[in-house]
Amino acid sequence: MNPRIAQKIILVGAPGAGKGTVAKGLVDRFGLIHLSTGDMLRAAVVAGTDVGMLAKSFMDRGALVPDEVMVRLISDRVQAKDCRNTDGSPRFLLDGFPRTLPQADALATEGLGPDLVLFIDVPNESVVRRLSGRRTCPACGSVHHIEFAPPLADGICDRCGGTLVHRSDDHDATIRKRLDAFAVQTAPLVQRYGSVIEKVDGNLPPEVVLKAAVAVMRRYGFAT
Ligand code: AMP
């Protein structure tokens with residue numbers, strides 16, 4: 001392990017800020033393990049686990065899943081070998097966690113405080129436009145947009161031919177609630193992580209946002 005390279009990286013941003021897209025670009029480039037709590041919860045919902053059934057009721061109404069559930073989920077996951085360097089030290093890219101100050105406290109208590117926090121900043125009106133037009137493919141995870149990235153055939157995923165869905169939490173009223181949750185519960189993290197936070201303008205084309213995020217990663221020791 002190279003100690004000069006940031007090992008514990010967190011992506012923070014409002015829903016629809018493009019965290020998933022940035023994460024994918026960084027993972028492809030730098031070989032990081034991507035831990036998206038939203039993806040983990042959606043998989044748990046599909047699998048019908050206890051966590052999934054509990055989480056669904058919160059997710060469907062745009063509310064955050066209780067801290068203790070999320071902390072347990074992530075604490076278990078980061079123990080796995082794929083989130084560790086050969087010397088056992090942690091290495092991960094967290095997307096969507098922590099989302100509250102108590103979650104950040106729990107991470108710090110476990111000695112997993114971040115070396116770098118990328119804050120993808122996007123105004124609310126852009127988020128509403130992005131999310132209400134977003135169509136996702138449950139089969140392969142691809143994301144389309146009815147206005148910005150329409151599929152070749154209506155309702156069909158370009159990549160795998162799956163049926164695209166409008167996520168239940170991507171409808172207007174729920175989007176507003178998710179934005180409120182972000183402003184009240186998640187935005188205070190930006191203050192908390194003051195010394196390691198790097199703001200990236202997320203209101204630009206995806207390739208420009210990724211380029212800016214890559215530039216920050218380089219400053220934190222990553223080579224491409
Ligand atoms: P995302 O795909 O990251 O926007 O997450 C979708 C939904 O999953 C959120 O609106 C929350 O209901 C839930 N969720 C994801 N991560 C967290 C977290 N760290 N804390 C609480 N709820 C979460």
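When a ligand or atom number is given, it counts from 1 through the structure's own listing order. Quantities reported herein were computed from a predicted structural model and do not represent experimental measurements.
S142 and R159 form a side-chain donor-acceptor contact under 3.5 Å, judged by distance and modelled atom types alone.
The distance criterion of under 3.5 Å between nitrogen or oxygen atoms is met by T37 with respect to ligand 1. Between D169 and ligand 1, a contact under 3.5 Å exists for no N or O pair. Of the N or O atoms in G96, one or more lie within a sub-3.5 Å distance of an N or O in ligand 1. Geometrically, ligand 1 and P98 share no nitrogen or oxygen pair separated by less than 3.5 Å.
In this structure the side chain of V208 never reaches within 4.5 angstrom of the side chain of L210, judged on heavy atoms.
Remark: distances from the non-hydrogen atoms of A63 to ligand 1 include one below 4.0 Å. Within the structure, the closest approach of R42 to ligand 1 falls below 4.0 Å when heavy atoms are considered.
Residue-level proximity to ligand 1 for R167 is carried by the side chain, the only part with a heavy atom below 4.0 angstrom.
Residues L112 and M40 share a hydrophobic cluster, clusters being chains of Ile/Leu/Val/Met/Phe/Trp/Tyr side chains in contact below 4.5 Å.
The protein heavy atom nearest to atom 10 (O) of ligand 1 is R178 NE, 3.7 Å. Nearest protein heavy-atom contact of atom 22 (N) of ligand 1 is V65 N, 3.0 Å. Summary of contacts: the protein heavy atom closest to atom 20 (N) of ligand 1 is Q103 NE2, 2.9 Å. Scanning all protein heavy atoms for the shortest distance to atom 18 (C) of ligand 1 gives R99 CD, 3.4 Å. Counting protein heavy atoms only, atom 14 (N) of ligand 1 is closest to L41 CD1, 3.5 Å.
Checked for salt-bridge contact, R77 and D82 meet the test: a charged N lies under 4.0 Å from a carboxylate O. Salt bridge absent: R176 and D180 never bring a charged side-chain N and a carboxylate O closer than 4.0 Å.
Take D60 and apply the side chain to side chain donor-acceptor pair (under 3.5 Å) test, not counting sequence neighbours, and it matches K56, S168.
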Name the atoms and distances for all side-chain donor-acceptor pairs under 3.5 Å in residues 62-76, with sequence neighbours left out.
{"residue": "D67", "atom": "OD1", "partner": "T100", "partner atom": "OG1", "Å": "2.9"}
{"residue": "D67", "atom": "OD1", "partner": "Q103", "partner atom": "NE2", "Å": "3.0"}
{"residue": "S75", "atom": "OG", "partner": "V71", "partner atom": "O", "Å": "2.6"}
{"residue": "S75", "atom": "OG", "partner": "E110", "partner atom": "OE2", "Å": "2.6"}

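Each of the atoms 16 (N), 17 (C), 18 (C), 19 (N), 20 (N), 21 (C) of ligand 1 lies under 4.0 Å from some heavy atom of M70.
The aromatic rings of F182 and F119 sit parallel, their planes meeting at an angle under 30°, below the 60° perpendicular limit.
Taking the ring centre of F97 as origin, the terminal cationic atom of R99 falls outside the region bounded by 6.0 Å and 45° from the ring axis.
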